[in-house]
Amino acid sequence: MNNPSRPPGARLLSVARDRLDLATSLRCGQVFHWESHGEGWIGALGDDPVYLEQVDDALWIAGAPDERVERYLALDHPLEEIVASFPQDDAMRGAAQFSRGMRIFRQPEWECLASFITSAMKQVAHITQMSLALRRSFGQPLVLGGRTLHAYPTPAAMAAASEAQLRACGLGFRAANLLRTARMIDSGEVSLEAVAAMGDDEAREELCRLPGVGVKVANCALLFGFGRLAAFPIDVWIERILRTLYFKGKRRVTPRRLREFAATYFGAYGGYAQQYLFHHARQTWGRGERGKKG
DNA sequence: GCCCAGGCCATTT
DNA sequence: AAATGGCATGGG
């Protein structure tokens with residue numbers, strides 16, 4: 001039957017369900033601007049607007065070219081091998097089964113970094129609100145099937161704004177940090193191209209030079225934007241998970257101890273393991289954003 | 001009103 | 001190195 005929300009001329013790409021769970025991947029807290037649209041989703045791959053809808057073992061695509069979609073969704077990540085590499089404990093097995101098909105996307109580096117600068121002390125829904133507000137205020141308009149969406153503002157566009165304008169997007173105290181970071185990127189004081197060429201540790205250090213970027217935000221940018229699949233962001237959820245599931249009853253578990261454990265225990269695809277644990281906990285430990293099923 | 005939210009930063013132990 | 005408090009905004 002026809003789906004009225006699906007733009008005319010949509011193409012079909014064959015992707016097995018267990019190779020990709022689109023909805024879970026979009027809602028797991030790695031990316032913050034996709035909007036539910038009928039049976040599918042609308043978003044931007046950089047400056048390329050796209051409609052995506054998963055039906056059984058197929059993906060409907062309208063807008064951006066297939067190759068760009070495949071790259072953004074990281075369909076080349078060896079998911080089976082990645083999941084098989086996870087440590088074999090009950091918590092990890094449960095998380096892996098709960099979010100089967102969840103992928104870590106290849107987001108544009110700047111968009112990813114900037115979004116996580118705004119993420120401090122905010123719920124995922126709020127981060128999305130701020131992203132959409134920033135896009136509408138400073139981003140390039142993109143048209144798809146008669147509907148307008150917006151690219152994420154470039155560093156130059158954001159650097160030209162005022163702190164008050166950013167605060168008007170709901171950023172609060174994050175506005176000053178984001179503005180200063182945008183100006184450092186725009187001026188070339190810090191180069192994301194250079195960061196992309198560095199090893200993980202050096203890249204993390206370089207990102208931490210930016211205002212509003214600490215180890216956690218840097219790791220998110222490395223994992224979700226720079227494709228560093230070993231990067232292991234430790235936020236309040238992951239810290240709770242590690243303490244509860246892996247350090248039960250232990251005392252004086254220092255941040256240093258947690259970092260060392262995370263780096264050695266979860267392996268080369270630690271970032272993937274982290275995201276599976278994160279999403280599983282958020283969906284099953286209450287709070288968060290239960291009940292909103294589009 | 002009260003609580004907390006994918007932290008960062010400066011300051012103090 | 002580890003703890004502490006301030007920082008804006010919005011939703012439950």
Side-chain angles (χ1 to χ4, degrees), chain A residues 24-34 95 99 102 104-105 107 111-134 137 162-182 184 190 204-225 228 231-244 247 250-263 270-292:
Chain A
T24 299
S25 302
L26 288 174
R27 287 194 293 213
C28 73
Q30 63 172 317
V31 62
F32 306 103
H33 78 280
W34 289 84
S99 308
M102 189 176 87
I104 288 180
F105 296 158
Q107 292 177 52
E111 171 180 331
C112 180
L113 172 65
S115 297
F116 277 101
I117 287 175
T118 68
S119 76
M121 294 289 294
K122 278 293 185 187
Q123 294 185 351
V124 172
H126 295 153
I127 305 168
T128 302
Q129 278 182 212
M130 291 184 285
S131 174
L132 293 175
L134 288 168
S137 298
S162 69
E163 184 180 330
Q165 284 178 295
L166 296 190
R167 281 180 181 264
C169 296
L171 292 183
F173 63 84
R174 304 153 195 82
N177 287 334
L178 182 57
L179 182 58
R180 289 174 58 202
T181 288
M184 286 175 72
V190 169
R204 187 179 301 105
E205 255 185 73
E206 184 70 5
L207 289 174
C208 285
R209 290 177 53 204
L210 298 163
V213 181
V215 174
K216 190 272 175 181
V217 168
N219 276 325
C220 285
L222 287 174
L223 175 58
F224 302 122
R228 309 304 175 92
F232 195 101
I234 300 180
D235 72 318
V236 291
W237 282 93
I238 290 296
E239 180 168 349
R240 215 176 305 161
I241 291 165
L242 294 182
R243 287 180 184 281
T244 305
F247 291 89
K250 309 234 170 170
R251 225 158 267 285
R252 281 192 294 282
V253 181
T254 64
R256 176 177 178 76
R257 183 80 197 282
L258 287 177
R259 286 201 307 274
E260 287 173 353
F261 173 77
Y272 256 94
Q274 175 273 155
Q275 198 61 16
Y276 273 78
L277 289 170
F278 175 79
H279 185 242
H280 181 49
R282 250 170 44 92
Q283 296 302 311
T284 59
W285 287 13
R287 305 273 93 60
E289 305 171 337
R290 295 173 307 169
K292 297 197 211 164

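Naming: A, B, ... by sequence-line order, numbering from 1 per chain.
Of the inter-residue distances, the one linking C112(A) atom SG with L223(A) atom CG reads 8.0 Å to the nearest 0.5 angstrom. A distance of 10.5 Å separates CZ of R180(A) from CD1 of I117(A), quoted to the nearest 0.5 Å. Note: R259(A) CZ to F232(A) CZ = 13.0 Å, rounded to the nearest 0.5 Å. Between the CE atom of M102(A) and the NE2 atom of H279(A) there is a distance of 7.0 Å, given to the nearest 0.5 Å. Residue H126(A) holds its NE2 atom at 8.0 Å from CE of M130(A), rounded to the nearest 0.5 Å.
Which of dA8(C), dG6(B), dT9(C) sits closest to the side chain of F173(A) comes down to dA8(C). Set against dG11(C), dG6(B), dT9(C), the side chain of R167(A) has dT9(C) as its closest nucleotide. Out of dA5(B), dA2(C), dG6(B), the shortest distance to the side chain of R240(A) is found at dA5(B).
Checked by distance alone, E239(A) brings no side-chain donor or acceptor within 3.5 Å of a matching partner on the base of dG7(B). The base of dG6(B) lies close enough to the side chain of Q275(A) for a donor and an acceptor atom to sit less than 3.5 Å apart.
A distance of about 15 Å separates the C1' atoms of dG1(B) and dG10(C), rounded to the whole Å. For dG6(C) and dC4(B), the P atoms lie 15 Å apart once the distance is rounded to whole Å. Separation of the P atoms belonging to dA2(C) and dG6(B) is 25 Å when rounded to the nearest angstrom.
The aromatic ring of F278(A) sits over the base of dG6(B), with ring centres less than 5.5 Å apart and planes inclined by under 30°.
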I'd like a table of atom pairs between the protein and nucleotides 8-13 of chain B - only N or O on both sides, under 3.5 Å - with the distance next to each one.
unit_1, atom_1, unit_2, atom_2, d
dC8(B), OP1, G214(A), N, 2.8
dC8(B), OP1, G214(A), O, 3.4
dC8(B), OP1, V217(A), N, 3.0
dC9(B), OP1, G212(A), N, 3.0

Provide a list of protein-nucleic acid N or O atom pairs under 3.5 angstrom, restricted to nucleotides 4-6 of chain C.
none

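Going from atom CD of Q129(A) over to atom C1' of dG11(C) covers 9 Å, rounded to whole Å. Distance, Q123(A) CD to dG6(B) C1': 10 Å, rounded to whole Å. One atom, CD1 of I127(A), and another, C1' of dG11(C), lie 14 Å apart when rounded to the nearest Å. In this structure, L171(A) places its CG atom 18 Å from P of dC7(C), rounding to the nearest Å. When the P atom of dC7(C) is taken as reference, atom NZ of K122(A) falls 16 Å away, rounded to whole Å. Remark: P of dG7(B) and CE of M130(A) are 11 Å apart, rounded to the nearest angstrom. As rounded to whole Å, 20 Å separates atom P of dC7(C) from atom CG of L166(A). Per the geometry, CZ belonging to R174(A) stands 10 Å off C1' belonging to dG10(C), to the nearest Å.
The nearest heavy atom of DNA chain C to P255(A) and to G172(A) marks one nucleotide each, and the one closer to the 5' end goes with P255(A).
Of all heavy-atom pairs spanning S119(A) and I127(A), the tightest one is CB-CD1, 3.5 Å. Minimum interatomic distance between S131(A) and H33(A) (heavy atoms only, all atoms of both residues): OG-CB, 3.8 Å. When all heavy atoms of L207(A) and A221(A) are compared, the closest pair comes out as CD1-CB, 4.2 Å. Among all heavy-atom pairs drawn from F224(A) and I104(A), the shortest one is CD2-CG2, 3.8 Å.
Side-chain atoms of E163(A) never come within 3.5 Å of backbone atoms of L179(A) as a donor-acceptor pair (strictly under, hydrogens ignored). Side-chain atoms of Q274(A) do not come within 3.5 Å of backbone N or O of I238(A) as any donor-acceptor pair.
Among the atoms of the strands shown, none is found under 4.0 Å from any heavy atom of R257(A).
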Passes side chain to side chain contact (heavy atoms under 4.5 Å, CB included), L134(A) versus L171(A)? Steps please.
CA-CA 9 Å; L134(A) 288 168; L171(A) 292 183; 4.1 Å; yes
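Both key distances under 3.5 Å define a Watson-Crick or G-U pair, and stretches of 3 or more such consecutive pairs in DNA chain C run B:2-5 with C:9-12, B:7-13 with C:1-7.
Under the 4.0 Å criterion applied to side-chain N and carboxylate O atoms, R209(A) and E206(A) are assigned as salt-bridge partners.
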